[in-house]
Protein chains: 2
Amino acid sequence: MDEKTLRIGQLAGLAGVSQDTLRFYEKHGLLNPQLRSEAGYRLYSPADAQRVSFILSAKRVGFTLNEIHDLLALEVTRDEKSCEDVKRFVDEKLITVNQRIQEMQRMKNSLQTLSNACCGGDEPATHCTILEVLSAHGDAELNLQGAV
Amino acid sequence: MDEKTLRIGQLAGLAGVSQDTLRFYEKHGLLNPQLRSEAGYRLYSPADAQRVSFILSAKRVGFTLNEIHDLLALEVTRDEKSCEDVKRFVDEKLITVNQRIQEMQRMKNSLQTLSNACCGGDEPATHCTILEVLSAHGDAELNLQGAV
DNA sequence: GTTGACTCTAGACCTTACTCTAAGGTTTAT
DNA sequence: ATAAACCTTAGAGTAAGGTCTAGAGTCAAC
Ligand SMILES: [Zn+2]
Ligand SMILES: [Zn+2]
Ligand SMILES: [Zn+2]
Ligand SMILES: [Zn+2]
């Protein structure tokens, strides 16, 4: 009842991950709750909870744990790094995110086109293929040369 | 010189993946080039190439190989499946993609805010933290209850 | 005062998606 | 006709991100 701290099971429940996952993140330096109960139980502060939330969010948008580690490290190392470094790093990530958004948008369009074209009835779906849609209005997906 | 077929190294080069990766996809049913040269070399048709392109695109937007397999399977099984099935499946994926786009958009905003706030100079970056930004205009990232 | 829910550590194990190795056959160029 | 570059298979190895197990302490409640 110290403060508004959470034990591992509570935070895991709220965040929708396992306790093991939280310990795993800690072991890999993404998380580092400062408090322990007398019995040695981890006690997570609201800031810790926010951190978890950020990790999961970043993961869902496609960052690896290593990248997330670097993003979070801005907090810890910020007086060892210059603003120049920070800005360069963040702007790099921004480019990545923008590219992913564009690709997602294309995928969305393809799926939407397929969905629209499909009558949704219960006859055999002889006319329904993702690849057919892609080749029909086939932009973006054929540019093999565009690959990195 | 049959047609415009590609050997594995050529397709791998164009697609920006390894030959092993193409064979791996084949082994796992995502790809299945019909032709072989007399010597037993795989010969990929333009349709195969398109398929590869789709796989990579789908992967980049966050689908697993299993999910991609299912998307591609629409082609193969389409006269065993009803339009109803296809539409349900695709609409499900659409929801996923839309959610990811939204989350990416939020991440983009956070990074953009951080980038804007950062002067980019070479003094210590004491004021530059992703978590600070998130807590400052902190929507979306605190809703632990919103987790699945 | 013990049952049941919760937590701890250390370490083995798992899945996904490749990546590499070994041992060999093919094609092209000189 | 032989090297260099390409392809084949089967199977082992790797990295990321967990997940599970064992063995033990803790805490609330009946
Ligand atoms: Zn249909
Ligand atoms: Zn139909
Ligand atoms: Zn700055
Ligand atoms: Zn600055």
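Just so it is clear: chains get the letters A, B, ... in the order the sequence lines come, proteins before strands, and each one is counted from 1.
Atom CD of B:Glu67 and atom C1' of C:dT16 are 12 Å apart (whole Å). In this entry the distance linking CD of A:Glu26 with C1' of C:dC8 reads 11 Å, nearest Å. Atom CG in B:Leu30 sits about 13 Å away from atom C1' in C:dT16, given to the nearest Å. The OH atom of A:Tyr44 sits 16 Å away from the P atom of C:dC6 (whole-angstrom rounding).
A:Arg100 meets the salt bridge (charged side-chain N to carboxylate O under 4.0 Å, His left out) test with no other residue; sequence neighbours excluded. A search for side-chain hydrogen bond (donor to acceptor under 3.5 Å, both in side chains) contacts involving B:Gln99 returns nothing, not counting sequence neighbours. Qualifying side chain to side chain contact (heavy atoms under 4.5 Å, CB included) partners for A:Phe24, counting only residues two or more places apart in sequence or in other chains: A:His28, A:Leu65. By the side-chain hydrogen bond (donor to acceptor under 3.5 Å, both in side chains) test, B:Glu38 pairs with no residue at all, sequence neighbours left out. The ring-ring contact (aromatic ring centres under 6.0 Å, His included) check on A:Phe63 picks up nothing, with sequence neighbours excluded. Residues that satisfy the salt bridge (charged side-chain N to carboxylate O under 4.0 Å, His left out) test with B:Lys87, not counting sequence neighbours, are absent from this structure. Take B:Asp85 and apply the side-chain hydrogen bond (donor to acceptor under 3.5 Å, both in side chains) test, not counting sequence neighbours, and it matches B:Ser82, B:Arg88. Qualifying side chain to side chain contact (heavy atoms under 4.5 Å, CB included) partners for B:Asp20, counting only residues two or more places apart in sequence or in other chains: B:Ser18, B:Arg23.
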(request) Encode nucleotides 11-23 of chain D as B, S and - characters from 5' to 3', where the letter depends on protein heavy atoms closer than 4.0 Å: B to the base, S only to sugar-phosphate, - to neither. (result) -----SBBBB---

(request) Assign a letter to each nucleotide of nucleotides 2-7 of chain D from its 5' end: B, base within under 4.0 Å of a protein heavy atom; S, sugar-phosphate only; -, no contact. (result) ----BS

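The salt bridge (Lys or Arg N to Asp or Glu O under 4.0 Å) pairs that include a residue from residues 62-71 of chain B are B:Glu67-B:Lys93, where partners are two or more places apart or lie in different chains.
Using a cutoff of 4.0 Å between basic side-chain nitrogens and carboxylate oxygens, A:Glu26 and A:Arg36 are scored as salt-bridged.
Fit an axis to the five pairs at each end of the helix from C:dG1-D:dC30 to C:dT30-D:dA1 and the two axes sit 0° apart, to the nearest 10 degrees.
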